[in-house]
> 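Input: one structure, supplied below.
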Amino acid sequence: MAVPALDHSTTRYSLQHAYWMARAAGLAPLERGAIDQQARAWGFQEVRHFESEHAMPFPIEDTQAYVMAGDRMIVVGFRGTEVLKIYDWLTDVNTPPVPGPANKGFVHYGFHQALQSVYPGIRDTVKELRTGNQSIWFTGHSLGGALAMLAGSRFYLEEPQLLPDGIYTFGQPRTCERLLAAAHNTAFRQRCYRFVNNNDIVPHLPPGPFFTHVEALRYFDVDGRLHESMPLVAGLKDRAKGFVTDPPAPETDAIRDHHLPNYLAAFEKSLAASG
């Protein structure tokens, strides 16, 4: 189906806007020129890029992000990564937590380090480009989803103490512990949406109980239908159905469901069903 163009005037949740935030998350891994070209095709006049090399406890050499700004909207997107590059690290229970934004609770050390390497530049750039009270959105897939959630939290809990209009994440891993999650949920009620595609393995990592998720969940079932909640038994049945119905392939269902194109396909099914 043909999805209407990105609405720069929106300031609230909609399935259509979530789809566009997923597409914006998909820009982050592209070459700078490709990001610039697509951003301007979507109506954004300014694009800035951020890349920082740093030592990490997992096989990712740098953090990459971008800011695109128009007259009415600013979007900050963070690059994700492949499951196999971070799986061992996400399952390592010995990775220490560190204090979260404004010392509220704790976050996973790796996420903190990855964000810190680019956050000051992103913060200053958004402040510079926000010349007309534009709405502000954070988005990311996989690792990028964790960084988007943390960046949005820092934007509000720390300087400039500005509440973003929305945070949209796709296949986000568990990022923080319960104290920070509670503070985030209070501040970002009806502003943060965490999308999970059926058997995507990454949202189940790092293992609990110390690390947890922020609200609010939006779950795509195996048929591409979107649910605002999924009871335990129904969720187990749906995930089992996903394992059975997904055709054999070199990758497991849990890894295939993590790929962003499969999130976009689920969005398109759901948008078509909604008319």
Side-chain angles (χ1 to χ4, degrees), residues 21-22 24-25 28-29 50-52 54-58 60 62-67 74-81 86 89-90 92 95-127 136-189 191-196 202-206 208 210-217:
M21 290 299 97
F50 304 86
E51 183 171 0
S52 177
H54 48 81
M56 294 293 291
F58 50 93
I60 300 173
D62 56 21
T63 300
Q64 292 181 359
Y66 71 87
V67 174
I74 295 174
V75 178
V76 182
F78 292 88
R79 185 189 68 176
T81 190
I86 60 171
W89 167 69
L90 288 175
D92 182 3
T95 302
V98 297
N103 289 317
K104 289 187 180 295
F106 292 88
V107 301
H108 198 286
Y109 168 77
F111 298 143
H112 168 80
Q113 289 293 96
L115 178 61
Q116 180 57 33
S117 67
V118 295
Y119 179 76
I122 290 173
R123 176 199 61 208
D124 294 344
T125 296
V126 172
K127 290 171 63 178
I136 302 174
W137 307 85
F138 290 84
T139 186
H141 167 250
S142 189
L143 169 66
L147 303 186
M149 174 254 149
L150 285 177
S153 293
R154 290 189 65 173
F155 221 70
Y156 175 66
L157 296 172
E158 300 176 355
E159 198 273 335
Q161 296 184 322
L162 180 64
L163 184 62
D165 293 85
I167 301 172
Y168 288 69
T169 74
F170 311 90
Q172 175 189 344
R174 294 185 180 113
T175 306
C176 60
E177 51 69 65
R178 296 187 183 277
L179 184 61
L180 178 57
H184 177 94
N185 293 340
T186 298
F188 287 90
R189 184 174 181 271
R191 291 174 184 259
C192 182
Y193 297 91
R194 181 177 58 82
F195 289 83
V196 174
V202 171
H204 300 282
L205 303 171
F210 185 83
F211 292 103
T212 190
H213 276 301
V214 297
E215 298 173 350
L217 173 67

> At their closest point, which heavy atom of A102 faces which heavy atom of L157, and how far apart are they?
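Of all heavy-atom pairs spanning A102 and L157, the closest is CB-O, 3.6 Å.
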> Between I167 and F188, is any pair of side-chain heavy atoms under 4.5 Å apart?
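Of all side-chain heavy-atom pairs linking F188 with I167, at least one is under 4.5 Å.
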> Can you list everything that forms a side-chain contact (heavy atoms from CB on, under 4.5 Å) with E215? Sequence neighbours excluded, please.
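Partners of E215 by the side-chain contact (heavy atoms from CB on, under 4.5 Å) criterion, ordered by chain and then number, come out as N185.
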> For L179, which residues count as a side-chain contact (heavy atoms from CB on, under 4.5 Å) partner, sequence neighbours excluded?
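Result, side-chain contact (heavy atoms from CB on, under 4.5 Å) vs L179: E177.
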> Nearest 0.5 Å, please: how far is NE2 in H204 from NE2 in H213?
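Here the rounded value is 7.5 Å.
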> Nearest heavy-atom pair of T212 and A181: which atoms, and what distance?
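Shortest heavy-atom contact: CG2-CB, 3.8 Å.
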> Could you measure the distance from the CG atom of N103 to the CG atom of L180? Nearest 0.5 Å is fine.
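Atom-to-atom, N103:CG and L180:CG are 11.0 Å apart.
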> Any idea how Y193 and Y168 line up, ring-wise: parallel (<30°), tilted (30 to 60°), or perpendicular (>60°)?
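Plane angle between 30° and 60°, so tilted.
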> May I have all residue pairs that pass salt bridge (Lys or Arg N to Asp or Glu O under 4.0 Å) and include part of residues 151-172, sequence neighbours excluded?
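Sorted pair list: R123-E159, K127-E159, R154-E158.
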> Got a second to check how far Q172's CD is from L143's CG, nearest 0.5 Å?
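Rounded to the nearest 0.5 Å, the CD-CG separation comes out at 10.0 Å.
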> Within this structure, what is the CG-CD1 distance for the pair L162 and I136, rounded to the nearest 0.5 Å?
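Answer rounded to 0.5 Å: 4.5 Å.
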> Find the distance between OG1 (T175) and CZ (F211) and round it off to the nearest 0.5 Å.
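If I round to the nearest 0.5 Å, the distance is 9.0 Å.
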> Shortest non-hydrogen contact from C192 to V214?
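It is SG-CG2, 4.2 Å.
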> Kindly indicate whether the side chain of I122, heavy atoms from C-beta on, has any atom under 4.5 Å from the side chain of F155.
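Side-chain contact under 4.5 Å: no.
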> Check whether any side-chain heavy atom of M149 sits under 4.5 Å from a side-chain heavy atom of S153, and report yes or no.
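Of all side-chain heavy-atom pairs linking S153 with M149, at least one is under 4.5 Å.
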> About how many Å separate CG of L115 and CZ of F78, when rounded to the nearest 0.5 Å?
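So the gap between those two atoms works out to 5.5 Å.
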> Who pairs with T125 by side-chain contact (heavy atoms from CB on, under 4.5 Å), at least two apart in sequence or on another chain?
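For T125, the residues satisfying side-chain contact (heavy atoms from CB on, under 4.5 Å) (neighbours in sequence not counted) are R48, F50, V67, L129.
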> Below 4.5 Å, heavy atoms only, C-beta onward: do V75 and M21 meet side chain to side chain?
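Side chain of V75 against side chain of M21, heavy atoms only: contact under 4.5 Å found.
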> Closest heavy-atom contact between A187 and L163?
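Shortest heavy-atom contact: O-CD1, 3.6 Å.
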> Closest heavy-atom contact between P101 and V107?
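Here P101 and V107 meet closest at CD-CG1, 4.2 Å.
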> Taking side-chain contact (heavy atoms from CB on, under 4.5 Å) as the test, write out the residues that go with A28, two or more places apart.
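side-chain contact (heavy atoms from CB on, under 4.5 Å) check on A28 returns Y66, R79.
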> For S142, check side-chain hydrogen bond (donor to acceptor under 3.5 Å, both in side chains) against everything at least two apart and list the hits.
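Expected list: H258.
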> Of all heavy-atom pairs between G140 and A148, which one has the smallest distance, and what is that distance?
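Looking at all heavy atoms of both residues, the shortest contact is N-CB, 4.0 Å.
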